[in-house]
Colleague: 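Sharing a structure here in structure tokens format.
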There are 2 protein chains.
Amino acid sequence: MTSPVTLINVFAVPQGKEAEFIKTWNETGQSLKNASGFIDAKLHRSLDPNARFQFINVAHWESVEAYQVAISEHEPQEKHLSWLEVNPALYIVEAEY
Amino acid sequence: MTSPVTLINVFAVPQGKEAEFIKTWNETGQSLKNASGFIDAKLHRSLDPNARFQFINVAHWESVEAYQVAISEHEPQEKHLSWLEVNPALYIVEAEY
């Protein structure tokens, strides 16, 4: 598929681990931002610290292939955080207003 | 808070209920799109039908207050779908690339 896709990663971060998570996410961002086909990434933080998913990354890539090559070459550092729940998936827009 | 916020709603939809969910989400979208302070909304659908969260709405509102008034006046119809898991929360951007 060569059309743009959205990578959304829904994170559950234990209380007290937020700073370490943000630091790690930024390390990944620094390495991925120059990858071929990368468009943008926004790490969202919930206003309510008790929200089930306190952090959600919404990123855009030029294609599925570009994303897959990039994460094979630049392994996301969050994988090494044993306490972190990650739910990454690729999405397309079904409906919009 | 009068700065723009992002409403992200992470849905878990049982297999076979996708069409009914999309129809219901669109009904809510039709009523909310004219609400004061509404900016935009995108319903994302996962490329992998087995993804844990097959649908994620990412919407933007001019303020927390605008969002809260709108959903008190236009109750989201998804609330009536007993089989639907919803995880709505308001977010700000923590970091971006």
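In what follows, every chain begins at residue 1, and chains take the letters A, B, ... in the order their sequences are listed. Keep in mind that this is a model prediction, so the values were computed, not measured.
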Colleague: Identify which part of B:Lys33 has an atom lying under 4.5 Å from any heavy atom of chain A, answering side chain, backbone, both or neither.
Modeller: side chain
Colleague: Relative to chain B, which of A:Gln54, A:His44, A:Gln30 shows the most heavy atom pairs under 4.5 Å?
Modeller: A:His44
Colleague: Please determine whether residues B:Ile39 and B:Val5 belong to a single hydrophobic cluster, defined as Ile, Leu, Val, Met, Phe, Trp and Tyr linked transitively by side-chain heavy-atom distances below 4.5 Å.
Modeller: no
Colleague: Using a cut-off of under 4.5 Å on heavy-atom pairs, state which of A:Pro88, A:Ala59, A:Ala95, A:Ala51 scores highest against chain B.
Modeller: A:Ala95
Colleague: Walk me through it: do B:Leu32 and A:Tyr97 pass the test side-chain contact (heavy atoms from CB on, under 4.5 Å)?
Modeller: CA-CA 9 Å; B:Leu32 282 178; A:Tyr97 291 89; over 6 Å; no
Colleague: By a 4.5 Å heavy-atom criterion (distance strictly below it), what part of B:Asn87 contacts chain A: side chain, backbone, both, or neither?
Modeller: side chain
Colleague: Taking only heavy atoms into account, what residues of residues 17-26 of chain B are found under 4.5 Å from chain A?
Modeller: B:Ile22, B:Trp25, B:Asn26
Colleague: Can you name the residues of residues 68-84 of chain A that have some heavy atom under 4.5 Å away from a heavy atom in chain B?
Modeller: none
Colleague: Counting heavy-atom pairs under 4.5 Å with chain A, which one of B:Ile56, B:Val58, B:Asp40 comes out on top?
Modeller: B:Ile56
Colleague: With sequence neighbours left out, which residue pairs that include part of residues 81-91 of chain B fulfil the salt bridge (Lys or Arg N to Asp or Glu O under 4.0 Å) condition?
Modeller: A:Arg52-B:Glu85
Colleague: Identify the heavy atoms of A:Phe53 and B:Phe53 that sit nearest to each other, and give their distance.
Modeller: CZ-CZ, 3.5 Å
Colleague: Is there a path of hydrophobic side-chain contacts, each under 4.5 Å between heavy atoms of I, L, V, M, F, W or Y residues, that connects B:Val93 with B:Val64?
Modeller: no
Colleague: At a heavy-atom separation under 4.5 Å, does A:Thr6 approach chain B through its side chain, its backbone, both, or neither?
Modeller: side chain
Colleague: Just checking heavy atoms, which of residues 7-16 of chain A are less than 4.5 Å from chain B?
Modeller: A:Ile8, A:Val10
Colleague: Could you walk me through whether A:Leu90 and B:Asp48 pass the side-chain contact (heavy atoms from CB on, under 4.5 Å) check?
Modeller: CA-CA 7 Å; A:Leu90 291 173; B:Asp48 174 4; over 6 Å; no
